[in-house]
There are 2 protein chains.
Amino acid sequence: MTEKNPDKTRKKLLESAFFEIYRVGFQAANIDRILKSAGVTKGALYHHFSGKKELGYAVVDEVIGHWIADKWSASLKAEGNAIEVLKGTVTAAARMLRGHDENGEVGHCAEMAEVGDVTLGCPLMNLAQEMSPVDEGFRLRIERIFDSWHAALAEVLERGVQDGTLRSNVDPRKTARFLIAMYEGAIGIAKNSKSVEAIYESLEMMGEFIDTLAKPAEKAA
Amino acid sequence: MTEKNPDKTRKKLLESAFFEIYRVGFQAANIDRILKSAGVTKGALYHHFSGKKELGYAVVDEVIGHWIADKWSASLKAEGNAIEVLKGTVTAAARMLRGHDENGEVGHCAEMAEVGDVTLGCPLMNLAQEMSPVDEGFRLRIERIFDSWHAALAEVLERGVQDGTLRSNVDPRKTARFLIAMYEGAIGIAKNSKSVEAIYESLEMMGEFIDTLAKPAEKAA
DNA sequence: CCCTATACATACCAACTAGTATGTATGTTA
DNA sequence: TAACATACATACTAGTTGGTATGTATAGGG
């Protein structure tokens with residue numbers, strides 16, 4: 001009925017599926033809830049996607065992948081001092097995180113959660129933790145996203161080492177992975193304690209760690 | 001039939017439930033699989049536990065809680081230099097992590113996974129990520145465990161600051177949380193990439209970070 | 001030895017859920 | 001405008017799953 005707009009319905013399905021998965025995970029994600037929230041019917045879903053898993057894959061590739069690319073890879077492409085670029089992305093991350101609207105509903109998720117929600121954590125990491133041991137298809141798609149993020153980070157670090165901003169013994173690849181681990185770990189811990197403050201403080205410490213990567217000032221000759 | 005041993009069956013149930021939850025998460029955990037793996041029947045389960053959720057709670061409290069306490073709080077109670085104690089726990093963690101037996105079965109979990117399995121990550125963190133937004137009961141129980149871990153870490157740090165081993169501007173609580181975040185993040189990232197090496201390298205970097213907490217050597221007067 | 005509560009075993013159910021079969025309306029092409 | 005493929009809508013199904021009703025055997029107290 002009404003109108004017939006395949007691109008739009010597909011997009012709505014992806015978005016609703018993303019939020020559903022974001023909230024309860026893929027395995028517990030409910031098709032009917034997704035449909036209700038998207039405002040379309042089962043026929044539409046199974047016309048666009050061959051099944052729940054395919055829908056999940058598409059969410060990873062098209063929603064989460066693009067989102068990470070925008071949020072990170074983009075801001076990492078900034079020119080200038082490696083330390084500043086790195087710390088810039090961290091503070092940018094901090095800015096986009098917010099707590100709940102205190103509506104007292106303990107134990108329930110906000111109806112219209114957004115991506116920066118502290119109590120829901122990082123969509124990519126959530127899915128990675130849940131699905132990587134269970135389904136290789138998810139794992140590989142998620143890995144690709146992490147890899148691109150890692151590559152962008154490593155490039156900045158490599159540049160910093162080359163131009164003498166960073167200590168020469170900084171290993172770009174290891175450090176990049178460690179930075180991602182720190183960030184995701186901080187989000188994960190804060191998620192369980194429901195504390196935005198916890199993230200801020202951890203990101204602050206992450207900034208201090210980044211400072212330790214800098215080449216120390218030259219001693220007087 | 002056979003024998004009647006409530007303590008033993010309860011323990012078997014808890015252990016089987018733990019591994020099932022460890023592998024696929026709580027929501028996807030299958031009661032019948034747990035029963036089969038425990039070698040008991042449904043009657044036994046529902047005699048000991050009022051339901052799936054109660055079983056999950058018991059797993060958190062009795063299995064995961066004790067496990068974390070043993071692995072961390074214990075080794076953190078060692079006497080001596082704070083730096084050494086901290087780095088000791090990190091290397092202890094590294095030691096207990098191992099990869100899969102390379103049996104080629106990609107995408108499937110080992111039948112009898114053990115707790116140190118890289119591809120399965122940290123049981124506590126897994127559950128925290130999955131259940132903390134979904135069920136407040138889980139969240140609180142998990143939080144208690146993290147808190148005790150955090151307290152043990154903070155105590156070591158506090159002691160280090162007091163006795164001059166660590167820089168005086170080290171904030172024990174923030175740093176403790178950050179260390180947990182680093183560790184859990186490292187495990188989580190390695191889990192998705194299925195790489196034991198990734199953990200080793202991240203734990204190595206974690207050691208370097210711990211070194212930066214030390215009070216710098218005194219300058220010549 | 002008896003008797004009762006505990007500790008299990010078995011068969012079954014009700015609810016949910018991904019997926020399908022089928023139908024219909026809309027847009028497009030000839 | 002006829003014909004056809006795309007894009008949706010609806011009703012239904014088959015399978016799974018947590019939970020229960022009911023039965024039975026064992027252990028321990030009197």
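Of the residues in residues 54-63 of chain A, not one places a heavy atom less than 4.0 Å from an atom of DNA chain D.
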Protein N or O to nucleotides 16-18 of chain D N or O, pairs below 3.5 Å:
unit_1: D/dT17; atom_1: OP1; unit_2: B/Asn30; atom_2: ND2; d: 3.0
unit_1: D/dT17; atom_1: OP2; unit_2: B/Asn30; atom_2: ND2; d: 3.1
unit_1: D/dT17; atom_1: O5'; unit_2: B/Asn30; atom_2: ND2; d: 3.4
unit_1: D/dG18; atom_1: OP1; unit_2: B/Ala29; atom_2: O; d: 2.9
unit_1: D/dG18; atom_1: OP2; unit_2: B/Ile31; atom_2: N; d: 3.1
unit_1: D/dG18; atom_1: N7; unit_2: B/Lys42; atom_2: NZ; d: 3.4

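An OP1 or OP2 oxygen of C/dA9 is reached within less than 4.0 angstrom by no side-chain nitrogen or oxygen of B/His47. The side chain of B/Thr9 places no N or O atom within less than 4.0 Å of a non-bridging phosphate oxygen (OP1 or OP2) of C/dA7.
The nearest whole Å value for the distance from the NZ atom in A/Lys8 to the C1' atom in C/dG27 is 16 Å. Per the geometry, CG belonging to B/Leu13 stands 13 Å off P belonging to C/dA7, to the nearest Å. At whole-Å resolution of the value, NZ in A/Lys12 and C1' in D/dA7 are 13 Å apart. Here D/dC8 presents its C1' atom at 8 Å from NE2 of A/His48, a figure rounded to the nearest Å. Distance, A/Leu35 CG to C/dG19 P: 12 Å, rounded to whole Å. Atom CG in A/Asp7 sits roughly 14 Å away from atom P in C/dG27 (whole-Å rounding). The separation between B/Lys11 atom NZ and C/dC8 atom C1' is 20 Å, rounded to whole Å.
Every residue two or more places apart in sequence or in another chain that forms a side-chain contact (heavy atoms from CB on, under 4.5 Å) with B/Asn126 is listed here: A/Gln129, B/Tyr22, B/Lys191. Every residue two or more places apart in sequence or in another chain was checked for a side-chain hydrogen bond (donor to acceptor under 3.5 Å, both in side chains) with B/Lys12, and none qualifies. For B/Glu155, there are no salt bridge (Lys or Arg N to Asp or Glu O under 4.0 Å) partners two or more places apart in sequence or in a different chain. For B/His47, there are no side-chain contact (heavy atoms from CB on, under 4.5 Å) partners, not counting sequence neighbours. Scanning for side-chain contact (heavy atoms from CB on, under 4.5 Å) contacts around B/Phe49 gives B/Arg10, B/Leu13, B/Leu14, B/Leu45, B/Leu55, B/Ala58, with sequence neighbours left out. By the side-chain contact (heavy atoms from CB on, under 4.5 Å) test, B/Ser195 pairs with B/Ser193, B/Glu197, B/Ala198, sequence neighbours left out.
Of the candidate nucleotides D/dC8, C/dT6, C/dT26, C/dT26 has the atom lying nearest to any side-chain atom of A/Lys4.
For the atom pair B/Ile31 CD1 and B/Ser16 OG, the distance stands at 11.5 Å (nearest 0.5 Å). In this structure, the separation between CD1 on A/Ile145 and CG on A/Leu140 is 11.5 Å, given to the nearest 0.5 Å.
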List the atom pairs, donor and acceptor, that lie under 3.5 Å between side-chain atoms in residues 174-190 of chain A and the rest of the protein, sequence neighbours left out.
unit_1: A/Thr175; atom_1: OG1; unit_2: A/Asp171; atom_2: O; d: 2.6
unit_1: A/Arg177; atom_1: NH2; unit_2: B/Glu201; atom_2: OE1; d: 2.3

